[in-house]
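So the structure is just underneath, and the comments pick up after that.
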Amino acid sequence: LSSEETHSLFGEFVELWNSRGLSEEYYRGEVAGVARTSHKWGFKTEETVAERLENERERWHTAPI
């Protein structure tokens, strides 16, 4: 795919993601057969305050010194 095509497709994906138009498994990170990378994508999710605090706590406890 060309760069233009990939940008267009990614734009469509973002619109679907933001409107919660994808299957719920995408938001839970449970899509089968998808290759994973070590990159943290940072898509906005609907996490609770407690989840956000726990995630930050884990991030700080595992951060290199």
Side-chain angles (χ1 to χ4, degrees):
L1 297 172
S2 70
S3 178
E4 193 172 288
E5 289 171 312
T6 56
H7 281 91
S8 176
L9 290 171
F10 184 72
E12 290 176 32
F13 170 79
V14 170
E15 286 181 25
L16 285 169
W17 176 274
N18 289 338
S19 67
R20 297 205 57 91
L22 300 171
S23 173
E24 203 51 43
E25 61 193 6
Y26 283 92
Y27 304 99
R28 291 190 308 261
E30 300 172 351
V31 181
V34 176
R36 300 286 180 190
T37 68
S38 61
H39 183 75
K40 301 292 183 190
W41 288 97
F43 289 117
K44 185 178 178 183
T45 61
E46 294 179 19
E47 61 184 350
T48 66
V49 172
E51 290 170 328
R52 192 171 325 131
L53 288 172
E54 181 61 28
N55 289 337
E56 282 300 310
R57 188 176 302 117
E58 287 177 20
R59 188 171 71 87
W60 282 99
H61 284 288
T62 59
I65 298 175

With [X] via side-chain hydrogen bond (donor to acceptor under 3.5 Å, both in side chains) - residues at least two apart:
{"X": "S3", "result": "H7"}
{"X": "E25", "result": "none"}
{"X": "E54", "result": "R57"}
{"X": "E24", "result": "R20"}

By side chain to side chain contact (heavy atoms under 4.5 Å, CB included), S2 pairs with (sequence neighbours left out) E4, E5
Sorted by chain and number, sequence neighbours left out, side chain to side chain contact (heavy atoms under 4.5 Å, CB included) with L22 holds for F13, L16, W17, Y26, Y27
Applying salt bridge (charged side-chain N to carboxylate O under 4.0 Å, His left out) to E58 and not counting sequence neighbours gives none
